[in-house]
Amino acid sequence: MPLYFNDLGRLNTEEVARGLLGHYLCHETTSGLISGIIVETEAYLEKNDSACHAARGITRRNATMFGPAGRAYVYFVYGNYYCLNVVTGSEGSGEAVLIRAVEPATGIEIMQHNRGKNCKLTNLANGPGKLCIAYGIDKRYDGHDLNKKPLYLAENSNPGYYETAATSRIGISTARDKLLRFIIKGNNYLSRREPIG
DNA sequence: GTTAAGATCTGCT
DNA sequence: GCAGATCTTAACG
């Protein structure tokens, strides 16, 4: 299925979350290009989703979620880490897709430098906080247009065969029953092992 | 002004 | 597998 990055706002958020799998997240840094294949995402919806930051209306933190689709929503959690989201839905709707994990492709040395010298390849960006550290993403990119450099999404014109799966989301205390986490099945760079069965 | 909770990660058992 | 670190954000008084 083709994914039109310039038109994210017209696709529903769950489809964007699943559609981003297999494509690239790129960052042109002063040290060089970093890229990786998105292997794990989560959808956060405006309606009937208490786990979404936008569920209780617009605030200073989540204002970007209510802006145009295709922007980055970057926020700070747990006193230590940033998380990167892609804003989706029509302007004013408050929906987004959390990028939870990528499979490192280009600039692996830069990521290792950012994450720590002895960091294993499978541990470089297999989680939303780790991903932001590896890519050097912080709050400066909140509101950045992800169709533009230096931080952008890129289509994978030659994706191999892969299966996707939907599971429950991670790290939230409400709405755990919803299957809004999307993964590339069997990928080695996921933030968690796949549930058995 | 004060407080409780959080879309996490690391290190230790 | 589990607890602790750590501090911004948002809700409440």
Side-chain angles (χ1 to χ4, degrees), chain A residues 8 12-18 20-21 25 36 38-67 69 71-89 93-104 111-144 146 151 153 165-184 188-196:
Chain A
L8 291 173
N12 88 34
T13 298
E14 290 161 82
E15 291 209 333
V16 173
R18 196 187 280 271
L20 284 173
L21 297 175
L25 175 67
I38 298 167
V39 298
E40 177 175 345
T41 62
E42 284 180 3
Y44 285 86
L45 309 178
E46 180 180 38
K47 295 187 175 174
N48 298 320
D49 186 3
S50 54
C52 180
H53 284 174
R56 300 198 178 179
I58 191 166
T59 66
R60 190 189 199 118
R61 175 176 67 166
N62 68 21
T64 306
M65 289 180 84
F66 291 86
R71 300 279 181 87
Y73 167 45
V74 180
Y75 68 92
F76 197 61
V77 278
Y78 295 118
N80 280 321
Y81 303 102
Y82 292 99
C83 291
L84 172 68
N85 297 250
V86 181
V87 176
T88 59
S93 71
E95 305 203 333
V97 173
L98 171 68
I99 310 290
R100 285 193 57 87
V102 304
E103 175 179 334
M111 293 193 236
Q112 279 171 330
H113 178 261
N114 289 342
R115 287 269 299 134
K117 193 182 171 187
N118 292 325
C119 190
K120 285 192 295 186
L121 190 57
T122 52
N123 196 31
L124 268 183
N126 63 333
K130 299 178 193 176
L131 184 156
C132 285
I133 297 170
Y135 270 69
I137 295 168
D138 61 28
K139 217 164 169 25
R140 285 175 307 171
Y141 287 107
D142 188 35
H144 172 77
L146 288 171
L151 182 65
L153 296 165
T167 76
S168 55
R169 292 175 294 183
I170 292 177
I172 55 175
S173 56
T174 60
R176 289 192 191 164
D177 54 316
K178 296 179 187 299
L179 299 181
L180 292 174
R181 171 175 174 250
F182 300 94
I183 61 174
I184 288 184
N188 290 321
Y189 299 86
L190 301 175
S191 66
R192 303 287 161 96
R193 285 274 172 224
E194 292 179 51
I196 303 162

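Here is the naming used below: chain letters follow the sequence lines, and residue numbers restart at 1 for every chain.
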Under 4.0 Å between any heavy atoms, over every strand shown, what does A:Ile172 touch: base, sugar-phosphate, or nothing? Just pick one. sugar-phosphate
Within the 4.0 Å heavy-atom criterion, would you say A:Arg169 contacts the bases, only the backbone, or no part of the nucleic acid?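 Answer is nothing: A:Arg169 stays at 4.0 Å or more from every strand.
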Report yes if a side-chain nitrogen or oxygen of [X] is closer than 4.0 Å to either non-bridging phosphate oxygen (OP1 or OP2) of [N]; otherwise report no.
| X | N | answer |
| --- | --- | --- |
| A:Arg181 | B:dA7 | no |
| A:Ser173 | B:dG6 | yes |
| A:Arg56 | C:dA10 | no |

Under 3.5 Å for both donor-acceptor distances, Watson-Crick or wobble: does C:dT6 have a partner, and if so which one? none
Report the distance from atom [atom1] of [X] to atom [atom2] of [N], rounded to the nearest whole Å.
| X | N | atom1 | atom2 | value |
| --- | --- | --- | --- | --- |
| A:Arg192 | C:dC2 | CZ | C1' | 13 Å |
| A:Phe76 | C:dA10 | CZ | C1' | 16 Å |
| A:Tyr82 | C:dC7 | OH | C1' | 11 Å |
| A:Asn80 | B:dG11 | CG | P | 12 Å |
| A:Tyr78 | C:dA3 | OH | P | 15 Å |

Name the closest nucleotide to the [X] side chain, picking from [options].
| X | options | value |
| --- | --- | --- |
| A:Lys130 | B:dA7, B:dC9, C:dA10 | B:dC9 |
| A:Arg115 | C:dA11, B:dC9, B:dA7 | B:dC9 |
| A:Tyr73 | C:dT6, C:dC7, B:dA7 | B:dA7 |
| A:Arg60 | C:dC7, B:dA7, C:dA10 | C:dA10 |
| A:Tyr44 | C:dA10, B:dA7, B:dT8 | B:dA7 |
| A:Leu98 | C:dA10, C:dT8, B:dA7 | B:dA7 |

Between A:Arg169 and A:Asp49, is the closest basic N to carboxylate O distance under 4.0 Å?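 The answer is yes: the pair qualifies as a salt bridge.
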Closest-nucleotide mapping onto DNA chain C: is A:Lys139 or A:Tyr81 further toward the 5' terminus? I mean the 5' end.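 Going by which nucleotide is closer to the 5' end, it is A:Tyr81.
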Start at the 5' end of DNA chain C and walk down; is the nucleotide closest to A:Gly79 or to A:Asn62 reached first?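 Between the two, 5'-proximity favours A:Gly79.
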Within a radius of less than 6.0 Å around CG of A:Asp177, do more than 12 heavy atoms belonging to other residues, nucleotides or ligands occur? yes
Does the cation-pi check pass for A:Arg18 over A:Phe182, that is, NZ or CZ under 6.0 Å from the six-membered ring centre and within 45° of its axis? no
Quick check: do A:Arg115 and A:Asn123 have side-chain heavy atoms less than 4.5 Å from each other?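 A:Arg115 vs A:Asn123: side chains touch.
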If you take atom types as modelled and just measure distance, does the side chain of A:Tyr75 reach the base of B:dA7 with a donor-acceptor pair under 3.5 Å? yes
First locate atom CG of A:Leu124, then atom CD of A:Glu103, and finally report the distance between them rounded to the nearest 0.5 Å. 11.5 Å
